[in-house]
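To start, the structure itself, in C-alpha cells.
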Amino acid sequence: LPFHQFLRQQVLEHGRVPLWNPHLFFGYPWLGAIQAGPLYPPSWLLALALPVPVALSWNVALHFALAAAAMYAFARMGLAVRPAAAVAAAAVYAFNGHMVGNLGQLHNHATLAWVPLVLLAIRRIVTAPCAGSARRAVGLGSLALGLSWLGGMAQQALYVGVLEALYALALLRERARSSPTPGAWADAAARLLAMVLLACAMFAPQAWATANLLAESARSD
C-alpha cells in the first residue's frame with residue numbers, strides 16, 4: 001500500500017513519475033523496486049484511477065479473473081479439451097493454494113496470471129497452419145511474457161520460464177518428427193525467438209533500473 005500510495009501522490013499531486021523514494025530506508029530508487037511493479041501497467045493504472053485500498057482490492061480480483069480466463073483459453077484453444085475440463089483447469093489454476101495463500105503478494109499474481117497465455121502463444125506459434133496466425137501468436141506471446149516479467153516476481157518468472165522453454169522444445173521436437181520436410185521446425189523456432197526478444201525489449205527499462213539497484217546494493221567499498 002505505501003508503494004502505490006507514494007506513486008499516486010507523486011503523479012497526481014506533483015505531476016511527475018517518481019524516480020526516487022525518500023521515505024524508504026535512507027532513500028530508495030523507485031524504478032529499481034521491481035516487486036512494486038513500477039512499470040507494470042495494470043497496477044499503476046488502477047492506483048491512479050482509484051483510491052489505493054480500492055485499487056489494490058481490484059488488482060487482486062482482476063488478476064484472479066485473468067488467471068482463470070487465461071487458463072480456460074489455453075485449455076480450450078491450446079489443448080482442445082471439453083468446456084467442463086477447461087472450467088476445472090481454470091478453477092484449479094486461479095484458486096490453488098499458492099495463489100490464494102499469497103493474496104497480499106500482488107507481484108506473485110501479476111506474474112502467474114499471464115503464464116497460460118504464454119503457453120497458448122507458444123503452441124499457436126509452433127502449430128499455426130498459416131504465417132498470419134503465427135505472427136498474431138508472436139504478438140500475444142510477447143505481450144503476455146513481457147507483462148509477466150514486469151509484474152515483479154522474479155523467482156516465479158524464472159521457474160515458469162523453465163516450464164515455458166521445455167514446453168516449446170517439446171512442441172518443436174514433435175513438429176520436427178511429424179513433418180516430412182527437413183527443417184520444418186526452423187520457422188517456428190525463429191518466431192519463438194522473436195517473441196522472446198520482443199518481450200525482452202518490453203522489459204528492458206525495468207531490467208536496467210533493477211540491475212543498477214542490485215549493483216549499488218552489492219558494493220563493498
Side-chain angles (χ1 to χ4, degrees), residues 1-7 17-21 23-47 52 55-56 59-60 62-64 66-67 70-71 74 93-122 138 140-169 192-220:
L1 189 146
F3 273 114
H4 290 82
Q5 188 66 52
F6 176 72
L7 172 66
V17 176
L19 302 180
W20 183 264
N21 185 349
H23 306 297
L24 187 65
F25 305 121
F26 289 102
Y28 197 82
W30 171 254
L31 287 183
I34 186 173
Q35 288 190 338
L39 297 181
Y40 181 62
S43 289
W44 56 258
L45 285 173
L46 285 170
V52 172
L56 296 181
N59 192 313
V60 172
L62 290 175
H63 280 90
F64 271 102
L66 172 62
M71 180 53 75
F74 173 57
Y93 185 73
F95 302 105
N96 65 73
H98 181 71
M99 292 283 281
V100 175
N102 288 278
L103 278 174
Q105 303 290 331
L106 299 181
H107 51 302
N108 182 75
H109 299 155
T111 296
L112 295 180
W114 298 98
V115 171
L117 291 182
V118 177
L119 297 177
L120 175 60
I122 291 172
V138 169
L140 170 66
S142 60
L143 179 64
L145 189 59
L147 286 172
S148 72
W149 292 346
L150 288 173
M153 178 58 86
Q155 299 95 321
Q156 299 288 11
L158 176 62
Y159 300 152
V160 299
V162 174
L163 166 68
E164 291 158 353
L166 291 174
Y167 186 58
L169 290 173
L192 288 172
L193 178 61
M195 180 190 80
V196 174
L197 292 177
L198 287 172
C200 288
M202 185 176 177
F203 182 64
Q206 181 67 72
W208 176 82
T210 303
N212 277 275
L213 172 59
L214 293 175
E216 290 295 316
S217 302
R219 288 195 309 175
S220 58

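Everything quoted here is computed from the prediction, not taken from an experiment.
- Residues Gly146 and Ala199 share a closest heavy-atom pair of N-CB, 3.8 Å.
- Atom CG of Leu163 is separated from atom CG of Leu119 by 5.5 Å, given to the nearest 0.5 angstrom.
- Partners of Tyr167 under the side chain to side chain donor-acceptor pair (under 3.5 Å) rule, at least two apart in sequence or in another chain, are Arg123.
- The minimum heavy-atom distance between Leu103 and Leu106, with the atom names listed, is O-CD2, 4.2 Å.
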Quiz prompt | Criterion side chain to side chain contact (heavy atoms under 4.5 Å, CB included) on Met195 and Ile122, from CA distance to verdict | solution = CA-CA 9 Å; Met195 180 190 80; Ile122 291 172; 4.1 Å; yes

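- Residues Trp30 and Phe6 have side chains in contact (heavy-atom distance under 4.5 Å, counting atoms from C-beta outward).
- Taking all atoms of both residues into account, the shortest heavy-atom contact from Ala33 to Phe3 is CB-CE2, 4.2 Å.
- Leu19 and Leu31 make their closest contact through CD2-CD1, 3.5 Å (heavy atoms, listed as atom of the first residue, atom of the second, distance).
- Under the side-chain hydrogen bond (donor to acceptor under 3.5 Å, both in side chains) criterion, the residue pairs touching residues 197-207 are Gln206-Thr210, with sequence neighbours excluded.
- Closest of all the heavy-atom pairs between Val118 and Gly141 is CG2-O, 4.4 Å.
- Between Ile34 and Phe203 there is a side-chain heavy-atom pair separated by less than 4.5 Å.
- Ala67 and Met99 make their closest contact through CB-CE, 4.1 Å (heavy atoms, listed as atom of the first residue, atom of the second, distance).
- Annotation: side chain to side chain donor-acceptor pair (under 3.5 Å) contacts of Asn108 (sequence neighbours excluded): His98, Gln156.
- Rounding to the nearest 0.5 Å places CG of Leu150 at 14.0 Å from NE2 of His107.
- Note that CG of Leu169 and CD of Glu164 are 12.0 Å apart. Values are rounded to the nearest 0.5 Å.
- Scanning for side chain to side chain donor-acceptor pair (under 3.5 Å) contacts around His4 gives an empty result, with sequence neighbours left out.
- The CG atom of Leu147 sits 9.5 Å away from the OG atom of Ser142 when rounded to the nearest 0.5 Å.
- Separation of atoms CD (Gln105) and CG (Leu112) is listed at 11.5 Å; rounding is to 0.5 Å.
- Within 6.0 Å of CH2 on Trp208 lie no more than 12 heavy atoms contributed by other residues, nucleotides or ligands.
- With rounding to the nearest 0.5 angstrom, the CG atom of Leu158 is 12.0 Å from the CE atom of Met153.
- Among Tyr93, Phe95, Trp114, Tyr40, the one residue that satisfies the ring-ring contact (aromatic ring centres under 6.0 Å, His included) test with His63 is Tyr40.
- Listed by chain and number, the residues in a side-chain contact (heavy atoms from CB on, under 4.5 Å) with Leu62 are Leu46, Trp58 (sequence neighbours excluded).
- Taking the side chain as every heavy atom from C-beta outward, Trp149 and Cys200 approach each other to under 4.5 Å.
- Listed by chain and number, the residues in a side chain to side chain donor-acceptor pair (under 3.5 Å) with Ser43 are Asn59 (sequence neighbours excluded).
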